[in-house]
Amino acid sequence: MFHKEGYKIMAIAAVLLIAINIVSYSFINTYWIKFAILVVTIILFLLIIQFFRNPKRKTVLNDANVVAPVDGKVVAIEEVEEKEYFKDKRIQISIFMSPINVHVTRHPIGGKVKYSKYHPGKFLVAWHPKSSEENERTTVVVENKVAGEVLYRQIAGAMAKRIVNYAEVDDEVIQGSDSGFIKFGSRVDVFLPLNTPILVKLDQKVKGGLSVIANIEE
């Protein structure tokens with residue numbers, strides 16, 4: 001299954017790659033060159049469609065659990081000053097997505113969307129210390145009665161040039177459901193209260209909607 005954000009790009013890519021092969025077969029006489037172009041275009045198309053795959057995930061719903069919002073590797077677990085919404089110290093968990101990861105963003109908790117804002121910005125590499133505050137990004141806060149308010153932030157990187165965010169203020173969302181997409185990148189940060197038990201470690205690989213990264217008890 002593919003994400004709806006990829007349909008247009010996949011269709012355009014298919015048309016362009018087919019056109020390239022038609023031209024090559026019409027004007028190139030050397031068989032091995034035509035065959036090489038065919039192979040390369042097929043590989044390119046397969047790479048494009050794998051990027052937009054959207055596997056079904058069955059999230060175990062639990063208002064006390066915080067699940068990973070994306071597939072990727074945990075690259076940071078640290079105490080930071082969250083300056084946009086909470087304006088106090090929080091535990092930040094950062095998950096980096098490589099080009100081969102699924103790039104669907106999922107709601108880490110279920111509840112009511114309290115805040116959702118897009119910020120234009122730079123396209124620094126995703127691991128840059130200032131990317132969380134200076135890159136193009138979206139910030140979303142979801143609240144439920146057990147976990148309280150959990151903030152997650154989609155961050156564009158050097159390759160990611162488009163962030164899609166579906167969360168709107170006052171929406172009631174289900175944990176693990178589709179909340180957006182980051183095209184060709186890059187990182188999602190989750191901000192939790194300082195005393196939150198963290199259930200993942202640095203360099204651990206996680207699955208969006210499946211891996212429990214923290215537990216906030218009542």
Side-chain angles (χ1 to χ4, degrees), residues 59 62-97 105-122 124-157 160 163 165-171 173-177 179-180 182 185-218:
T59 303
N62 185 329
D63 282 347
N65 284 342
V66 180
V67 299
V70 290
D71 291 16
K73 184 171 73 172
V74 178
V75 295
I77 302 173
E78 57 187 346
E79 181 179 318
V80 299
E81 185 80 18
E82 199 292 304
K83 299 176 182 178
E84 179 179 350
Y85 182 82
F86 294 116
K87 296 180 174 59
D88 63 12
K89 291 188 180 297
R90 296 275 151 166
I91 293 293
Q92 174 183 315
I93 301 175
S94 299
I95 301 170
F96 175 75
M97 294 169 284
T105 307
R106 306 172 196 273
H107 293 289
I109 66 169
K112 187 174 184 177
V113 177
K114 303 291 289 184
Y115 181 84
S116 181
K117 188 171 183 179
Y118 166 77
H119 302 272
K122 301 177 181 179
L124 303 173
V125 290
W127 54 84
H128 194 287
K130 293 185 178 181
S131 64
S132 182
E133 297 179 356
E134 296 187 7
N135 276 21
E136 178 178 326
R137 63 202 181 278
T138 63
T139 300
V140 177
V141 178
V142 178
E143 179 184 37
N144 67 43
K145 293 181 180 179
V146 178
E149 293 182 324
V150 171
L151 183 154
Y152 66 94
R153 181 172 291 140
Q154 298 171 295
I155 303 169
I163 293 176
N165 172 37
Y166 303 138
E168 296 185 3
V169 174
D170 294 331
D171 282 353
V173 299
I174 299 172
Q175 186 177 40
S177 62
S179 72
I182 306 179
S186 103
R187 195 178 105 204
V188 174
D189 294 343
V190 181
F191 294 82
L192 304 168
L194 292 181
N195 60 349
T196 303
I198 306 302
L199 304 181
V200 290
K201 298 178 180 179
L202 284 176
D203 297 324
Q204 180 175 334
K205 293 182 179 180
V206 294
K207 292 283 189 180
L210 296 179
S211 304
V212 179
I213 62 175
N215 180 269
I216 304 175
E217 298 293 348
E218 293 184 81

Quiz item: Can you name the residues that form a salt bridge (Lys or Arg N to Asp or Glu O under 4.0 Å) with E82, not counting sequence neighbours?
Solution: R153
Practice problem: Specify the closest pair of heavy atoms between N144 and G111, including all atoms of both residues, with the distance to one decimal. | Solution: CB-CA, 4.2 Å
Quiz item: Considering residues at least two apart in sequence or located in another chain, which fulfil the side-chain contact (heavy atoms from CB on, under 4.5 Å) criterion with T59?
Solution: L61, V67, Q175
Quiz item: Is there side-chain contact between H119 and T139, with at least one heavy-atom pair below 4.5 Å?
Solution: yes
Quiz item: Do the side chain of S186 and the main chain of I155 share a donor and acceptor less than 3.5 angstrom apart?
Solution: yes
Quiz item: For N165 and S179, does a side-chain donor sit closer than 3.5 Å to a side-chain acceptor?
Solution: no
Side-chain donor-acceptor distances from residues 204-212 under 3.5 Å, at least two apart:
from : atom 1 : to   : atom 2 : distance (Å)
Q204 : OE1    : K201 : N      : 3.1
S211 : OG     : K207 : N      : 2.8

Self-check item: side chain to side chain donor-acceptor pair (under 3.5 Å) partners of residues 64-74, not counting sequence neighbours, each pair once
Solution: R57-D71, N65-N215
Exercise. For the residue pair F191 and I91, establish whether any side-chain heavy-atom pair is separated by less than 4.5 Å.
Key: no
Quiz item: Should E81 and K89 count as an ion pair when the cut-off is N to O under 4.0 Å?
Solution: yes
Practice problem: Could you tell me whether the side chain of L192 reaches within less than 4.5 Å of the side chain of V150, counting heavy atoms only? | Solution: yes
Quiz prompt | Least distance between heavy atoms, Y166 atom then G180 atom | solution = CD1-N, 3.6 Å
Exercise. Can you spot which of I213, I93, I198 makes a side chain to side chain contact (heavy atoms under 4.5 Å, CB included) with V66?
Key: I213
Quiz item: Given side chains that start at C-beta, do those of V173 and V142 come closer than 4.5 Å, heavy atoms only?
Solution: yes
Self-check item: Check: E168/S116 side-chain N/O donor and acceptor closer than 3.5 Å
Solution: no
Quiz item: Can you name the nearest heavy-atom pair linking D63 to A147, along with the distance?
Solution: O-CB, 3.3 Å
Quiz item: Is the closest side-chain heavy-atom distance between S177 and R106 below 4.5 Å?
Solution: no
Quiz item: Any side-chain heavy-atom pair from V188 and M97 closer than 4.5 angstrom?
Solution: yes
Quiz item: Can you name the closest pair of heavy atoms from I77 and V200 and give their distance?
Solution: CD1-O, 3.4 Å
Quiz item: So K117 and E84, side-chain contact (heavy atoms from CB on, under 4.5 Å) or not? Walk me through it.
Solution: CA-CA 10 Å; K117 188 171 183 179; E84 179 179 350; 4.2 Å; yes
Quiz prompt | For I95 against A68, the heavy-atom pair lying closest together | solution = CD1-CB, 4.0 Å
Quiz item: So, are D170 and K112 salt-bridged, with charged N and O less than 4.0 Å apart?
Solution: yes
Self-check item: Nearest non-hydrogen partners of I109 and G148, listed with the distance
Solution: CD1-O, 3.9 Å
Exercise. List in chain and number order the residues that pass side-chain contact (heavy atoms from CB on, under 4.5 Å) with S94, two or more places apart in sequence or in another chain; answer none if no residue qualifies.
Key: V75, A76, Q92, R187, D189
Quiz item: How would you list, by chain and number, every residue that makes a ring pair (Phe, Tyr, Trp, His ring centres under 6.0 Å) with Y115, sequence neighbours excluded?
Solution: Y85
Exercise. Would you check if H107 and Y152 make a side-chain contact, meaning some heavy-atom pair closer than 4.5 Å?
Key: yes
